[in-house]
Amino acid sequence: MSRSGVLRSFGALVSGAIFGLGLAVSGMMNPAKVIGFLDVAGDWDPTLAFVMGGALLVTVPAFRLILGRGRPVFDRSFALPDRTAVDGRLISGAALFGVGWGMVGFCPGPAVAALATGLTPVLVFVAAMVAGMALQSCQQSALSYQRRKKAEG
């Protein structure tokens with residue numbers, strides 16, 4: 001691995017560790033706390049709103065500062081999404097994400113960070129999440145194959 005590859009991997013490791021630590025300290029890895037935050041019509045726990053507000057206070061100016069650099073410190077270019085359209089796929093995916101998050105109190109980042117706990121519900125959630133990602137990937141491959149075949153006639 002090249003020196004830049006090592007630096008890029010080290011940067012990703014440190015960033016991931018800081019992100020995971022933030023999720024643990026904030027309580028985002030605790031499904032009961034997340035469900036309490038999402039239960040605005042019931043026994044609402046607003047403490048995660050401070051976590052999210054604090055994240056925005058750091059992220060918004062940091063993004064402006066970092067994107068103003070022209071390129072990342074450890075890479076040649078930023079990896080930003082090029083699709084910006086709000087379409088049915090995005091809306092249905094966001095709805096599924098929200099329903100799943102509200103049902104079990106986990107979203108992907110905290111679930112992966114919570115793997116360190118070794119708890120069975122976390123392992124089951126992550127396994128189901130990976131299976132869903134694989135299923136979606138297979139579906140996209142099948143749709144692409146059908147489109148190619150249809151275009152070929």
Side-chain angles (χ1 to χ4, degrees), residues 1-140:
M1 184 182 285
S2 68
R3 183 173 186 268
S4 65
V6 170
L7 288 174
R8 204 175 22 243
S9 296
F10 182 72
L13 177 68
V14 170
S15 298
I18 292 170
F19 181 65
L21 180 65
L23 292 172
V25 170
S26 68
M28 292 289 290
M29 289 171 38
N30 179 353
K33 188 164 188 73
V34 172
I35 289 173
F37 174 71
L38 296 173
D39 187 11
V40 293
D43 191 19
W44 187 48
D45 175 5
T47 55
L48 288 182
F50 293 104
V51 172
M52 293 174 189
L56 283 173
L57 285 174
V58 172
T59 302
V60 169
F63 254 68
R64 293 183 66 91
L65 180 70
I66 291 169
L67 292 177
R69 293 178 44 93
R71 65 180 280 264
V73 175
F74 297 128
D75 211 338
R76 293 187 184 111
S77 64
F78 291 106
L80 299 172
D82 54 352
R83 289 183 51 191
T84 57
V86 177
D87 57 12
R89 276 186 60 205
L90 177 66
I91 292 171
S92 62
L96 278 172
F97 179 91
V99 168
W101 196 28
M103 286 174 57
V104 298
F106 268 135
C107 66
V112 170
L115 281 174
T117 65
L119 296 174
T120 302
V122 175
L123 298 173
V124 170
F125 178 87
V126 172
M129 181 177 73
V130 170
M133 292 166 71
L135 185 64
Q136 191 274 341
S137 180
C138 288
Q139 178 200 25
Q140 286 302 308

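Only a predicted model underlies this, so the values are computations on that prediction, with no experimental measurement involved. Heavy-atom basis, side chains included; hydrogens, waters and symmetry copies ignored.
- Remark: F74 CZ is packed, more than 12 non-hydrogen atoms of other residues, nucleotides or ligands lying under 6.0 Å away.
- In this structure, F106 CZ and W101 CH2 are separated by 12.0 Å, a value rounded to the nearest 0.5 Å.
- Here the CZ-CZ distance, from R8 to R3, works out to 12.5 Å after rounding to the nearest 0.5 Å.
- Put simply, the side chain of R71 gets close to the backbone of D75: a donor and an acceptor are under 3.5 Å apart.
- The nearest pair of heavy atoms linking M28 to V34 is O-CG2, 3.7 Å.
- Smallest separation of non-hydrogen atoms from G20 and A113: CA-CB, 4.3 Å.
- Atom CG in L21 sits 9.0 Å away from atom CG in L23 (nearest 0.5 Å).
- Side chain of W44 to backbone of D39: no donor-acceptor contact under 3.5 angstrom is found.
- For I35 against V104, the heavy-atom pair with the smallest separation is CD1-C, 3.8 Å.
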Worksheet entry | Chi angles and distances behind the side chain to side chain contact (heavy atoms under 4.5 Å, CB included) call for L67, L80 | CA-CA 10 Å; L67 292 177; L80 299 172; 4.0 Å; yes

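- Rounding to the nearest 0.5 Å places OG1 of T59 at 9.0 Å from CD1 of I66.
- The main-chain N or O of M133 is never found under 3.5 Å from a side-chain atom of S137 such that the two would form a donor-acceptor pair.
- Shown here for T117 and A114, the closest heavy-atom pair between the two residues is OG1-O, 2.6 Å.
- At a cut-off of 3.5 Å, with distance as the only test, no side-chain donor of K33 or S26 sits close to an acceptor on the other residue.
- By the salt bridge (Lys or Arg N to Asp or Glu O under 4.0 Å) test, R64 is found to be paired with no residue, residues two or more places apart in sequence or in another chain being considered.
- Of the possible donor and acceptor atoms, none in the side chain of S9 sits under 3.5 Å from a partner among the backbone N and O of V6.
- Taking OG1 from T120 and CZ from F125, the interatomic distance works out to 15.0 Å, rounded to the nearest 0.5 Å.
- Note: I91 CD1 to L96 CG = 12.5 Å, rounded to the nearest 0.5 Å.
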Notebook entry, point to check: Does the side chain to side chain contact (heavy atoms under 4.5 Å, CB included) test come out yes or no for V112 and M129, once each step is laid out?
Noted result: CA-CA 10 Å; V112 170; M129 181 177 73; 4.0 Å; yes

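- A 6.0 Å sphere centred on CE of M103 holds no more than 12 heavy atoms belonging to other residues, nucleotides or ligands.
- Shown here is D87, whose CG atom has more than 12 heavy atoms of other residues, nucleotides or ligands within 6.0 Å.
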